[in-house]
Peer 1: 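Take a look at the following structure, please.
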Amino acid sequence: MKKKGLQLLFLFIGLTSMSYAQKIKVLDGDLGALKGEKIFNIEYDYSDMGVGKFKKEKEYVEKKRAEYNEKYKDEDPGKGDRWAESWVGDRVGRFQPMLEELMNKNLEKPGVYVGNEKEAKYTMIIHTTFTEPGFNIYVTKKPAMINVVVKIVETNNHDNVVCTIVSKNNPGRTFGMGDFDTGLRISEAYAMCGKGLGKYFAKAWK
């Protein structure tokens, strides 16, 4: 019975970890119109982002901040405040570099580069619309996940939108039990997003 119980537990963990299927599609515009462009600027937008069961990111952050400050007030005072700082700081320090690294790796074949290139004719605006932080509580785990909308606009005129793409259900998970860090799980979601978008663009611009 004990062996069967463990088998069921691992099956549940496996099914939980594979619960997201990445989907990418063009909402409007024509990616083909950008074929031949070799450099793109990139910008990030986290406004109006839902997090988990919260429609507003602010509500999620304030709840977690208060929980951590209360739970660790004796052994680690201010932990909630530091967590809230990391929640925002990880965007520049971890998430964005992961997305760009994986996107550029998959854009090598068509010779396209995406990065901080203010002189590029076009800019990719990566708008994260939803983040699922996931969890790992030893006996079970849930991967992180992000949804993004990508608008490719003229750098000097953001109102001129050439193409809009949606990338949904980008999973963030690591193998084994090493993903207790929320930032690590979400970093992997951005890596998967960058990889998927890079492949999608490379196919359109080959």
Peer 1: Is there a donor-acceptor contact under 3.5 Å from the side chain of Lys168 to the main chain of Lys25?
Peer 2: no

Peer 1: Could you tell me whether the side chain of Arg82 and the main chain of Pro77 form a donor-acceptor pair under 3.5 Å?
Peer 2: yes

Peer 1: Is the backbone of Asn41 close enough, under 3.5 Å, to the side chain of Thr123 for a donor and an acceptor to pair up by distance?
Peer 2: no

Peer 1: Looking at Glu59 and Lys55, what are the two nearest heavy atoms and their distance?
Peer 2: OE1-N, 4.4 Å

Peer 1: Parallel, tilted or perpendicular: which one describes the rings of Tyr72 and Tyr68, with boundaries at 30° and 60°?
Peer 2: tilted

Peer 1: With a 3.5 Å distance limit and no angle check, can you tell me whether Asp45 reaches the backbone of His127 through a side-chain donor-acceptor pair?
Peer 2: no

Peer 1: Give a yes or no on whether Asn156 atom CG has more than 12 heavy-atom contacts from other residues, nucleotides or ligands under 6.0 Å away.
Peer 2: no

Peer 1: For Lys109, I'd like to know if atom NZ has over 12 heavy atoms of other residues, nucleotides or ligands within 6.0 Å.
Peer 2: no

Peer 1: Can you confirm whether the side chains of Thr164 and Asp28 place a donor and an acceptor under 3.5 Å from each other?
Peer 2: yes

Peer 1: Check the pair Arg91 / Tyr46 against side-chain contact (heavy atoms from CB on, under 4.5 Å), numbers first and verdict last.
Peer 2: CA-CA 9 Å; Arg91 295 171 180 175; Tyr46 301 92; 3.6 Å; yes

Peer 1: Over all heavy atoms of both residues, which pair between Gly198 and Leu107 is shortest? Give the atoms and the distance, please.
Peer 2: O-CD2, 3.6 Å

Peer 1: Closer than 3.5 angstrom, by distance alone: can the side chain of Lys35 be matched with the main-chain N or O of Lys206 as a donor-acceptor pair?
Peer 2: yes

Peer 1: Under the 3.5 angstrom rule, does the side chain of Asp90 hit a backbone N or O of Gly183 as a donor-acceptor pair?
Peer 2: no

Peer 1: I need the minimum non-hydrogen distance between His158 and Val153, along with the two atoms involved.
Peer 2: O-CG1, 3.5 Å

Peer 1: Indicate the atoms forming the closest heavy-atom contact of Met49 with Thr131, along with that distance.
Peer 2: SD-OG1, 3.3 Å

Peer 1: Closest heavy-atom contact between Ala120 and Ile39?
Peer 2: CB-O, 3.5 Å

Peer 1: Given 3.5 Å as the limit, does a donor-acceptor pair link the side chain of Asn147 with the main chain of Asn169, or not?
Peer 2: yes

Peer 1: Using modelled atom types and a 3.5 Å cut-off, is there a donor and acceptor pairing between side-chain atoms of Glu132 and backbone atoms of Gly134?
Peer 2: yes

Peer 1: Does the side chain to side chain donor-acceptor pair (under 3.5 Å) test come out yes or no for Asp81 and Asn69, once each step is laid out?
Peer 2: CA-CA 7 Å; Asp81 297 326; Asn69 278 339; 3.2 Å; yes

Peer 1: Could you pull out the closest heavy-atom pair between Val150 and Met124, with the gap in Å?
Peer 2: CG1-CB, 4.3 Å

Peer 1: If you measure only the distance, is there a donor-acceptor pair under 3.5 Å linking the side chains of Trp87 and Glu57?
Peer 2: yes

Peer 1: Quick one: does Arg65's side chain have a donor or acceptor within less than 3.5 Å of a partner on Trp83's backbone?
Peer 2: no

Peer 1: Check the side chains of Gln22 and Asn170 for a donor-acceptor pair under 3.5 angstrom, ignoring hydrogens and angles.
Peer 2: yes

Peer 1: Has Glu119 got more than 12 heavy atoms of other residues, nucleotides or ligands less than 6.0 Å from its CD?
Peer 2: no

